[in-house]
Amino acid sequence: MPADVQTAATTLRTQWDRLHGWVEHMADPRLGREPSVLDGWSVVELWAHLGRAMDALAVCTPLPEGTVPLSLGEYLGTYAGRAEDVAETTRALAVQHAADPVGYVTASAAAAFATLDALLPGDPVVQARRGPVRLSTMTVSRVVELVVHGDDLYRSVRRVRGADAAPDPVDPGALALVADELLAIVRARGGWDLEVADARRWVRLAAGRAPYDVDELALALQPRWTSEAVPDLGRMLPLL
């Protein structure tokens with residue numbers, strides 16, 4: 001079942017607190033201009049993108065009853081078509097907030113949680129940047145952003161500064177929620193009865209962070225019944 005709005009909100013807070021603590025542990029307010037693991041993005045630009053991600057929740061407003069919301073899969077599916085626009089906006093934000101990148105994202109997160117608190121405990125349909133969604137869906141999508149990009153930051157720092165450069169900024173509970181929600185999209189589209197075997201491996205495959213490989217997929221997912229097999233999802237992935 002999809003995460004309810006309260007579970008999503010609690011998970012978002014937990015993941016944000018861990019990621020924010022991770023950045024403070026890095027003790028580097030500039031974060032670094034080194035290239036990240038995402039082609040064409042620096043580490044500081046990747047961090048700035050999280051401010052944009054939280055801004056998207058901060059500006060959500062309730063819509064009239066009866067408005068038909070997008071599903072999580074539909075909402076995440078809009079990402080690919082706007083990749084270039086997102087990259088340009090992110091680079092501009094990184095320049096704009098170069099003096100205090102941590103402060104910018106922290107303020108964005110505070111505004112996002114203020115909006116979330118004002119809309120809870122209900123689960124209204126809200127206007128998001130890419131269309132109408134349930135508040136729970138929007139909140140889950142922000143957990144996806146923090147988990148996927150938190151892992152991007154983790155891999156980037158480890159690549160530049162060594163494997164023991166920093167602790168893991170991804171909360172295990174948030175990682176599990178994201179893995180389950182992304183698998184639910186696959187189940188809905190194909191009807192397969194699958195389970196997550198390795199949450200981080202699956203999230204990286206689903207988010208396009210790891211090259212698609214059927215052997216990797218077989219390590220990431222498993223069929224509920226041993227008599228079945230993990231299907232080839234090459235035409236379905238990545239999901240965002």
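Counting from 1, the numbers follow the sequence of the chain as shown.
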Validation row: [X], [Y] side chains within 4.5 angstrom (heavy atoms):
X	Y	answer
R200	P172	no
L12	T14	no
V126	L57	no
P231	L194	yes
D123	D4	no

Taking all heavy atoms of [X] and all of [Y], pick out the closest pair and write down the distance.
X	Y	answer
A197	Q222	CB-OE1, 3.8 Å
G150	P169	O-CG, 3.3 Å
L146	Q15	CB-CG, 3.6 Å

**Request:** Run the numbers on V147 and V143 for side-chain contact (heavy atoms from CB on, under 4.5 Å), then give the verdict.
**Result:** CA-CA 6 Å; V147 165; V143 182; 4.1 Å; yes

**Request:** Give a yes or no on whether a salt bridge exists between R13 and D117, defined as a side-chain N under 4.0 angstrom from a carboxylate O.
**Result:** yes

**Item:** Salt-bridge present (D151, R209; N to O < 4.0 Å)
**Value:** no

**Item:** Shared hydrophobic cluster, V59 / Y79 (ILVMFWY, side-chain heavy atoms < 4.5 Å)
**Value:** no

**Item:** Check against side-chain contact (heavy atoms from CB on, under 4.5 Å), W41 and H49
**Value:** CA-CA 10 Å; W41 290 52; H49 178 71; 3.6 Å; yes

**Prompt:** Taking T10 for the side chain and Q6 for the main chain, is one N or O donor matched with an acceptor at less than 3.5 Å?
**Reply:** yes

**Y104 side chain to A99 backbone, donor-acceptor under 3.5 Å** = no

**Request:** Dump the intermediate steps for side-chain contact (heavy atoms from CB on, under 4.5 Å) on D152 and S36, then the final yes or no.
**Result:** CA-CA 8 Å; D152 291 337; S36 76; over 6 Å; no

**Prompt:** Looking at CZ of R134 and OG of S71, how far apart are the two atoms once the value is rounded to the nearest 0.5 Å?
**Reply:** 12.5 Å

**Request:** Measure the acute angle between the ring planes of W16 and H20, then classify it against the limits of 30° and 60° as parallel, tilted or perpendicular.
**Result:** tilted

**Asked** Picking from V37, L19, D168, what satisfies side chain to side chain contact (heavy atoms under 4.5 Å, CB included) with Y154?
**Response** D168

**Request:** Might you work through the side-chain contact (heavy atoms from CB on, under 4.5 Å) test for L93 and E45, ending with a clear yes or no?
**Result:** CA-CA 8 Å; L93 286 171; E45 287 167 348; over 6 Å; no

**Asked** Is there a ring-ring contact (aromatic ring centres under 6.0 Å, His included) between W47 and H149 once you walk through the steps?
**Response** CA-CA 8 Å; W47 172 255; H149 292 306; over 10 Å; no

